[in-house]
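It should be emphasised that the depicted structure is a prediction, and the values quoted were computed from it without experimental measurement.
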Amino acid sequence: MPKHKRESLIYTVMMCFVMVLWMSVYNVTLHMGQFGVETLKEAWLGFPVAYIFAMVFDWFVVSGPAKAFAFRFLVKPDSSVLQKAIAVSGCIPMVIIMSFYGGVEACVKSGEWGSLLLIWLTNIPKNFIMALPFQLLIAGPLVRKVFRTAFPEGTVLLKANI
């Protein structure tokens with residue numbers, strides 16, 4: 001787990017990349033009804049905007065309240081890294097926000113704005129059942145391993161030496 005703001009930003013960039021890419025492929029597959037090269041192409045083309053949207057919302061809107069909630073009600077500062085990761089990851093505001101983003105994206109492509117609310121509300125449980133297990137079982141452990149391998153504890157400085 002990140003120890004300070006700089007590490008947290010690097011970690012968030014990495015985690016957001018993995019989650020948005022995976023969920024983009026998943027959602028495009030759901031909307032196209034099949035997985036294939038065209039699905040990957042569509043997911044990749046939509047990825048940059050979705051990634052920027054997710055990074056902004058995660059960093060500026062969701063992360064603080066999710067951590068505050070997790071550390072106030074679910075875990076203590078001396079809890080294990082795994083318990084902390086599960087507590088913070090289990091907070092679902094990003095699923096709700098990104099499901100809305102996906103609904104807007106689908107409406108932009110189809111021109112059917114009247115179905116936005118229905119698409120959004122049906123996307124939430126579909127995304128939740130994919131995002132939570134993927135984050136807890138695959139993305140979380142993978143990103144933590146890559147993060148700590150690339151940035152051993154104490155190597156990301158709090159202040160830059162200029």
| field | Beyond-backbone contact of Q34 with T29, side-chain heavy atoms, under 4.5 angstrom | value | no

| message | As an exercise, state the distance from CG of L45 to CG of L40, rounded to the nearest 0.5 Å. | response | 11.0 Å

| From Q83 atom CD to K76 atom NZ, the distance as rounded to the nearest 0.5 Å | 11.0 Å

| Under a 4.5 Å cut-off applied to non-hydrogen side-chain atoms, are E7 and F147 in contact? | yes

| request: Report, as yes or no, whether the 6.0 Å neighbourhood of atom NZ on K109 holds more than 12 heavy atoms from other residues, nucleotides or ligands. | output: yes

| request: Report the relative orientation of the aromatic rings in F134 and W22; use parallel for angles under 30°, tilted for 30 to 60°, perpendicular for over 60°. | output: parallel

| Minimum heavy-atom distance S115-C107, with the two atoms named | OG-SG, 4.2 Å

| field | Minimum heavy-atom distance S79-V75, with the two atoms named | value | OG-CB, 3.6 Å

| Hey, are K84 and S89 close enough side-chain-wise for a donor-acceptor pair under 3.5 Å? | no

| said: Please determine whether residues Y26 and M19 belong to a single hydrophobic cluster, defined as Ile, Leu, Val, Met, Phe, Trp and Tyr linked transitively by side-chain heavy-atom distances below 4.5 Å. | reply: yes

| Do F100 and F53 have ring centroids that are under 6.0 Å from one another? | no

| field | Residue pair M32 / E38, side-chain heavy-atom distance below 4.5 Å | value | yes

| said: With rounding to the nearest 0.5 angstrom, report the CE to CE distance, M23 to M98. | reply: 9.0 Å

| note | Shortest non-hydrogen pair, G103 vs L116, comes out as C-CD1, 3.4 Å

| query | Is any side-chain heavy atom of W113 closer than 4.5 Å to a side-chain heavy atom of V104? | reply | yes

| request: Flag yes if V13 and L21 sit in one hydrophobic cluster, no otherwise; membership is Ile, Leu, Val, Met, Phe, Trp, Tyr, and two members link when side-chain heavy atoms are under 4.5 Å apart. | output: yes

| request: May I ask whether L137 and V18 are part of the same hydrophobic cluster, defined by side-chain heavy atoms of I, L, V, M, F, W, Y residues being less than 4.5 angstrom apart, directly or through others? | output: yes

| Distance, nearest 0.5 Å, that separates CG of L132 from CD1 of I92 | 9.5 Å

| Under a 4.5 Å cut-off applied to non-hydrogen side-chain atoms, are V25 and F47 in contact? | no

| said: Please give me the minimum heavy-atom distance between K67 and S8, naming the atom from each residue. | reply: NZ-OG, 3.2 Å

| task | Indicate whether any N or O donor in one side chain lies under 3.5 Å from an N or O acceptor in the other, for N127 and N27. | result | yes

| How is the hydrophobic cluster of I119 composed, in terms of its other members, when Ile, Leu, Val, Met, Phe, Trp and Tyr link through side-chain heavy atoms under 4.5 Å apart, directly or indirectly? | none

| Least distance between heavy atoms, H31 atom then A106 atom | CE1-CB, 4.4 Å

| query | Does L9 belong to the same Ile/Leu/Val/Met/Phe/Trp/Tyr cluster as Y51, with side-chain heavy atoms less than 4.5 Å apart forming each link? | reply | yes

| request: Kindly indicate whether the side chain of F17, heavy atoms from C-beta on, has any atom under 4.5 Å from the side chain of V143. | output: no

| CD1 on I10 to NZ on K5, rounded to 0.5 Å | 13.5 Å

| said: Using the rule that Ile, Leu, Val, Met, Phe, Trp and Tyr join whenever any side-chain heavy atoms are under 4.5 Å apart, tell me whether L136 and F128 fall into a single cluster. | reply: yes

| Does some side-chain heavy atom of S99 sit less than 4.5 Å from a side-chain heavy atom of M94? | no

| query | Is the NZ or CZ atom of K126 both under 6.0 Å from the centre of the six-membered ring of W120 and within 45° of that ring's axis? | reply | no

| task | Side-chain contact test, heavy atoms from C-beta onward, threshold under 4.5 Å: evaluate it for R144 versus Y11 and give yes or no. | result | yes

